[in-house]
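Below, each value reflects all heavy atoms present in this structure, side chains not excepted, and no hydrogens, waters or symmetry copies. Keep in mind that this is a model prediction, so the values were computed, not measured.
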Amino acid sequence: MDLLPAEASSEIVKKHRFRSLKMVDLNYEEVLSDVPYGADYGKLDNGLRYYVRLNSKPKMRAALALAVRVGSVLEEEEERGVAHIVEHLAFSATKKYTNHDIVKFLESIGAEFGACQNAVTSSDETVYELFVPIDKPELLSQAISVLAEFSSEIRVSAEDLEKERGAVMEEYRANRNANGRMQDAHWLLMMEGSKYAERLPIGLEKVIRTVSPETVKRFYTKWYHLQNMAVIAVGDFSDTKSVVELIKTHFGGKVSATDYIEIPKFLVPSHEEPRISCFVESEAAGSAVMISCKSQVDELKTVKDYRNLLVEAMFYHAMNQRFFKMSRKKDPPYFSCSVAADVVVQPIKAYIMTSSCKEKGTLYALESMLTEIARVRIHGFSERETSVARASMMSEIESAYLERDQVQSASLREEFLHHFLRGEPVVGIEYEAQLQKTILPHISASEVSKYSENFRTTHSCVIKTIEPRAAATVDDLKNIVLKINSLEEDGNISPWDEEHIPEEIVTLKPNPGSVVQESEYSNIGVTELILSNGMRVCYKHTDFLEDQILFTGYAYGGLSELPENEYFSCSMSSTIAGEIGIFGYRPSVLLDMLAGKRAEIGTKLGAYMRTFFGDCSPTDLETAFQLVYQLFATGVVPGEEDIKIVMQMSEESVNAQERDPYTVFANRVREINYGNSYFFRPTRISDLRKVDPFKACEYFNKCFKDPSTFTVVIVGNIDPDIARPLILQYLGGIPRPSEPILKYNRDDLKGLPFTFPTTITREVVRSPMVEAQCSVQLCFPVELKNEKMMEDVHFIGFLSKLLEAKIIQILRFKHGQIYSAGVSVFLGGNKPSRVGNARGDISVNFSCDPDVALALVDLALDEILRLQEEGPSDADISTVLEIEQRAHENGLQENYWWLDRILHSYQSRIYSGDVGTSFAVQDESRIEVRKILTPVTAQQALQRTLPFPCKKQYTVVILMPQASRFERLKSIITDAKVQVGFGGLVVLGFCIWRYARRSSES
């Protein structure tokens, strides 16, 4: 007799499919198939390979790519950077398309620039990617024709190249920040002695500025041979044969311009002695240690090779668990540390360890990292550590198997890219799941431990420290290497000391609550429960992903309610509590308790709300709800060591922010636009010294104590028959305090002291920089009237996309002065009341050459004013509508989108107890705005929501490098001549700004 309802029974069957998956008979010498699983795979007569696969996630979309086995390592000295320039030129002009018409066409069908049309150049390859709708017969053919243009028809005229230099230069400049310099320095150290060391993809500034069209054309025609290329198409096609025919139609007649030249192989020499370097970077976010050990790329040809890959992956799991636990011990050597591996160039794989540590702590960090690896070589991992790693990997493959029919097309595209570019087999998730289920239980702790041999300092090892101020020396690092080697040889490293791990998260299960009210909202497919403890729970079942349930709980009342003397302590409460452990256990203990489970919970304290959020597998929903119960039922008590670590990390973070020019810039933007309130002021060391950790923990405990203040929304593959008892047990079982705690009415919340300047404010923030950087933020106040709120919220969303597209067209495509631009909207300038106007701002952000920043600001203002006075074109509106519609269609198939929309329906000012009606009103408002959005209504909305004319009220803040003493002296002399030279400055400004016309691809 079946005691479960039919629906629950079928769900149980689904959940046990992986557990009932048959093992395979292992033959370790068996060769993995070279034919990619699930693909229509072949080769045209001209040498081009193709991969086509059907995939319905997302619906009526296709992920396309043109992969080219051509990268920067093929460049000659005078070509350094040309591979990347070719990639840029592809989107600028081809035989069929000119003046970025490719970008305009793709945007007109809803493929947004950057997100859906992009490209990347690396040392060994260049990949062009498109993500396009295919709900109209001609769209797929047109998109494939674009890739065909890239393969052999990129135009390289003098005019095209001049227009593109600026965008490439801006990308080059952006790469010359602290992170870019540190990465480049490590790359040079790793690749020393090989051509790779001298062929960074971004190239040389001299080449970018001066390379001739002939040189670029010669590189393109020499290497862009069809035998070096593959086309990949994964999407919601009716069949693969018709797609293959389209590829043949657009590519079959292509002929490479030159004879085929085999791609040469470039070796990276090995070395026994470690290469050691101390890198000082004054703008570094903190101190760090990087250890890389190089080896030849392992072959992945047989089942035995695949098994070795699993053993290696288990090593990383186990080692990272140890490093995390080390970072949470008394007087930790580092704040974080991790180990991984990556194929850095075609012949070389790097085994990489990285850690971040306190200032002047790099020697201690390095010693600990080398000691832990040596400890594994001597004593190995314990059976328990190995079991935890195995359980984690089994959980990962189970999730992948359950969602094998729901994989996004872009993910499958990546698999085929790796097959073509790296020769990695694509065997299909079903077979991988069978292999892992069969192999993982038989991998021993000793096998896993042996992978520590890859991290010996005699194995082509590179060790680098990064510090904002010099503390360590090369000799210091060498001595530590010798010390640990000696300790290991003598066996003087003790075994790992394991912690006690409790068996159960909730030791005493709570008494279940009950449902006091239940409502169904069929228009959005949700059920709402009011529980006996006052908590409101809303859930929606979806079938987008088999192994995903998302949830968020929120309550009104946050940091805006606090007086200034408590603000800094309480604003750090999440950070402090998180380090101690917010679920009744230390993070290092909880990590082991959750091994093999997929349940992640986090918290956030904002100005007006406090929230918890989670992501879990349906099979681990009970675990997730147990963690939520623990969040409310247990208190956080600070210990002396916990506080010491947290405050040390916070001080390091504040010091790093003060060194970072971009953080200094962002802080100043916030102060200018939102006022000099303590809510918006950057945290300083003096503020940290006022923090009371006991007050912080007390506040955190209060924030998550009263369940009656919370609304919880759950979206995903939730089976109500299984989930409802768990909801009642763990959410309904949270005890309700006798008196309300932090219970607020949304209309009575204290608003933040938001005061946007009433006139024009222009300010240059000058900051010390190693290399010149420049960032611009142009900001306008926004006020949406209560009576037109629903309509204008949607209008402002459309207008932000319109402004972004137009500014990119002007500053990048027309004048070639920027790489990218962004437009963002902030509407949190006042409390989330159901009455009154909504205030905030809309900001335009871009980086550029410091010499032309002011000219570009004026160009952006001119364009926004033109849109206010003349309105956009019909084509502009059509493109914005198409991009929004495509994003909306994608969102309808995603759990995150539904979670966000339902939360917004509860938090909307029109919500009055009926979430279905609130959702419907917002949806109808969007549809109505789409109907009425025309050039005229867009123009009116720009006049209504922004200051009109826009030039009467705005702020512009520009980050500039700090002038040298000579430049400051020169500026003083110039000031004395300013009246005489004003006319000359106008001419100079015009010349500077004509100087670097350019454009780009991504």
Side-chain angles (χ1 to χ4, degrees), residues 38-68 90-113 115-119 127-155 224 226 229-256 408-410 412-413 416-417 420 875 878-879 881-883 885-887 889-890 1001-1002:
D40 197 333
Y41 170 63
K43 184 177 179 180
L44 303 186
D45 292 341
N46 56 19
L48 179 95
R49 289 172 177 79
Y50 61 82
Y51 302 73
V52 180
R53 175 164 173 171
L54 304 181
N55 191 64
S56 60
K57 294 286 183 175
K59 295 175 182 175
M60 302 313 295
R61 297 291 185 275
L64 309 177
L66 176 69
V68 189
F91 288 87
S92 174
T94 65
K95 183 177 179 180
K96 183 178 176 182
Y97 298 92
T98 61
N99 196 26
H100 293 94
D101 286 343
I102 283 179
V103 174
K104 295 169 190 172
F105 156 67
L106 290 169
E107 289 201 322
S108 74
I109 65 172
E112 189 175 3
F113 184 60
C116 300
Q117 40 175 315
N118 214 326
V127 178
Y128 302 88
E129 295 182 336
L130 304 178
F131 183 72
V132 295
I134 54 171
D135 52 352
K136 298 173 185 175
E138 70 278 8
L139 296 183
L140 181 59
S141 179
Q142 290 172 312
I144 291 175
S145 78
V146 168
L147 295 181
E149 290 282 300
F150 294 165
S151 72
S152 57
E153 308 291 351
I154 296 176
R155 199 177 72 187
Y224 269 57
L226 291 160
M229 300 182 194
V231 175
I232 298 163
V234 182
D236 193 15
F237 313 127
S238 57
D239 64 275
T240 60
K241 297 300 181 187
S242 60
V243 182
V244 172
E245 287 305 313
L246 285 176
I247 291 172
K248 290 179 178 178
T249 297
H250 293 292
F251 283 90
K254 299 288 183 185
V255 179
S256 299
Q408 293 288 318
S409 293
L412 293 172
R413 177 178 63 187
F416 296 137
L417 282 171
F420 174 69
S878 176
T879 294
L881 285 170
E882 192 70 17
I883 288 173
Q885 178 62 25
R886 299 307 187 178
E889 291 168 356
N890 289 341
E1001 67 356 304
S1002 56

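- The only option from Phe251, Tyr224, Phe91 that meets the ring pair (Phe, Tyr, Trp, His ring centres under 6.0 Å) definition with Phe150 turns out to be Phe91.
- Annotation: side chain of Asn46 is not in contact with side chain of Val255 (no heavy-atom distance under 4.5 Å).
- Taken from NZ in Lys43 to CZ in Arg49, the straight-line distance is 4.5 Å, to the nearest 0.5 Å.
- Heavy atoms only, all atoms of each residue included: Leu139 and Arg886 are closest at CD1-NH2, 4.1 Å.
- Comment: Lys241 does not engage Glu245 in a salt bridge, judged by the lack of any side-chain N to carboxylate O separation of less than 4.0 angstrom.
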**Request:** Give the intermediate values and the outcome of side chain to side chain contact (heavy atoms under 4.5 Å, CB included) for residues Tyr97 and Arg155.
**Result:** CA-CA 9 Å; Tyr97 298 92; Arg155 199 177 72 187; over 6 Å; no
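- For the pair Gly235 and Ser409, the tightest heavy-atom approach, listed with the atom from each and the gap, is CA-OG, 3.8 Å.
- Leu147 approaches Leu66 most closely through the heavy-atom pair O-CD2, 3.6 Å.
- Leu140 and Ala62 make their closest contact through CD1-CB, 4.3 Å (heavy atoms, listed as atom of the first residue, atom of the second, distance).
- Pairing each heavy atom of Ser108 with each of Thr879, the nearest pair is CA-OG1, 3.9 Å.
- Leu417 places none of its side-chain heavy atoms less than 4.5 Å from the side chain of Tyr51.
- A salt bridge links Glu889 with Arg61: at least one charged nitrogen is closer than 4.0 Å to a carboxylate oxygen.
- Tyr128 places a side-chain heavy atom less than 4.5 Å from the side chain of Val68.
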**Item:** Step-by-step side chain to side chain contact (heavy atoms under 4.5 Å, CB included) determination, Phe237 to Asp40
**Value:** CA-CA 12 Å; Phe237 313 127; Asp40 197 333; over 6 Å; no
**Prompt:** Could you walk me through whether Val132 and Leu106 pass the side chain to side chain contact (heavy atoms under 4.5 Å, CB included) check?
**Reply:** CA-CA 8 Å; Val132 295; Leu106 290 169; 4.2 Å; yes
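- Taking all atoms of both residues into account, the shortest heavy-atom contact from Ala148 to Lys254 is O-CE, 3.7 Å.
- You'll find the side chain of Ser151 reaches within 4.5 Å of the side chain of Leu226, heavy atoms only.
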